[in-house]
Visitor: 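Before we start, here is the structure in question, set down as structure tokens.
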Amino acid sequence: MKAIAVYCSSSDVIHQDYFNSANQLGQLMANSGYELVYGGGVVGLMGEVARSVKANGGKTFGVIPEALNLENVVHDIDDELVITKGMRERKALMDERADGFVGLPGGFGTFEEMFEVLTLKQLGYHNKPIVFLNIRGYYDKLLDMFEHIYAEQFAKEQYRVLYHVSETAADTIEYLKSYQAPDLPDKWFM
Ligand code: AMP
């Protein structure tokens, strides 16, 4: 595994704990030789992870759509920065380039990105690792919702293996390093 896409918040006004974990993840990624694939922005946790990867001697691959390619939004530290026409092309490139996916806390953008890689894995388009880094228990309510999905049979319980939940950046890296792609059941309930 060489490149990891990190999906995470673009907000600068969240609790410091989120920034500390993002910083730690960047450091561990660089130390483990993982390239960072990310949204290319300076803002929020995105900016923090990227600065930490670079500060620790790692590589970053930013992908930003034309509309967000603005001064004060886009980073100038990346080893490679690709500017795409729109958000769809950008996501496709990030997914393709990455060997695994990590979701740090975030808002609608992060949820959309994580749900897309989960859905594609469920349908067998890829079998790459997906991790929720559950800083400050941010994802607890979403994980409860996932249990509700299984209980109500909107998805098979065996799909819990689609994703891993980490409480620390160190556990995230361990999971990525030791990941064995699972055999997944087909999606259909009939
Ligand atoms: P959100 O969770 O709504 O803050 O959105 C963050 C996610 O959407 C990131 O993982 C990015 O890929 C993308 N994104 C949102 N805003 C920006 C931005 N200003 N610059 C780059 N990417 C962004």
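Heads up: numbering here begins at 1 and tracks the sequence. Atoms within a ligand are numbered from 1 in the order they appear, just like the ligands themselves.
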Visitor: Any idea which part of Glu112 is under 4.0 Å from ligand 1, heavy-atom wise: side chain, backbone, both or neither?
Guide: neither
Visitor: Quick one: pull up CD1 in Ile14 and OH in Tyr138 and give me the separation to the nearest 0.5 Å.
Guide: 8.5 Å
Visitor: So, Glu89 side chain and Lys85 main chain: donor-acceptor pair closer than 3.5 Å or not?
Guide: yes
Visitor: Would you call Glu147 and Arg160 a salt bridge, taking side-chain N to carboxylate O under 4.0 Å as the test?
Guide: yes
Visitor: Do Met87 and Val117 share a hydrophobic cluster (ILVMFWY, side-chain heavy atoms under 4.5 Å, transitive)?
Guide: no
Visitor: Please list, in number order, the atoms of ligand 1 under 4.0 Å from a heavy atom of Gly39.
Guide: 12 (O), 21 (C), 22 (N)
Visitor: So which bit of Arg90 gets within less than 4.0 Å of ligand 1, heavy atoms only: side chain, backbone, both or neither?
Guide: side chain
Visitor: Using a 6.0 Å distance limit plus a 45 degree cone around the ring axis, check whether Arg136 lies over the aromatic ring of Tyr18.
Guide: yes
Visitor: For the CZ atom on Phe111, are there more than 12 heavy atoms of other groups (residues, nucleotides or ligands in this structure) within a distance under 6.0 Å?
Guide: yes
Visitor: Is Lys91 close enough to touch ligand 1? Criterion: a residue heavy atom under 4.0 Å from a ligand atom.
Guide: no
Visitor: Number the atoms of ligand 1 from 1 as they appear, then name those within less than 4.0 Å of a heavy atom of Tyr7, with their elements.
Guide: 10 (O)
Visitor: Answer yes if the side chains of Gln16 and Asn20 hold a donor-acceptor pair under 3.5 Å, and no otherwise.
Guide: yes
Visitor: Does the side chain of Phe61 reach to within under 4.5 Å of the side chain of Arg97, using non-hydrogen atoms?
Guide: yes
Visitor: For Gly107, counting its heavy atoms only, list the atoms of ligand 1 lying under 4.0 Å from any of them.
Guide: 1 (P), 2 (O), 3 (O)
Visitor: Do any nitrogen or oxygen atoms of Gly109 lie less than 3.5 angstrom from nitrogen or oxygen atoms of ligand 1?
Guide: yes
Visitor: I want to know if ligand 1 touches Ser11 in the polar sense, i.e. an N/O pair below 3.5 angstrom.
Guide: no
Visitor: Would you mind listing which atoms of ligand 1 come within a distance below 4.0 Å of any non-hydrogen atom of Cys8?
Guide: 6 (C), 7 (C), 9 (C), 10 (O)
Visitor: Work out whether the distance between some heavy atom of Gly40 and some atom of ligand 1 is less than 4.0 Å.
Guide: no
Visitor: Does Ser9, backbone or side chain, put an N or O under 3.5 Å from an N or O of ligand 1?
Guide: no
Visitor: Going by the order shown, which atoms of ligand 1 are within less than 4.0 Å of some heavy atom of Ser10?
Guide: 1 (P), 4 (O), 16 (N)
Visitor: Considering the heavy atoms of Gly106, write down every atom of ligand 1 situated less than 4.0 Å from one of them.
Guide: 2 (O)
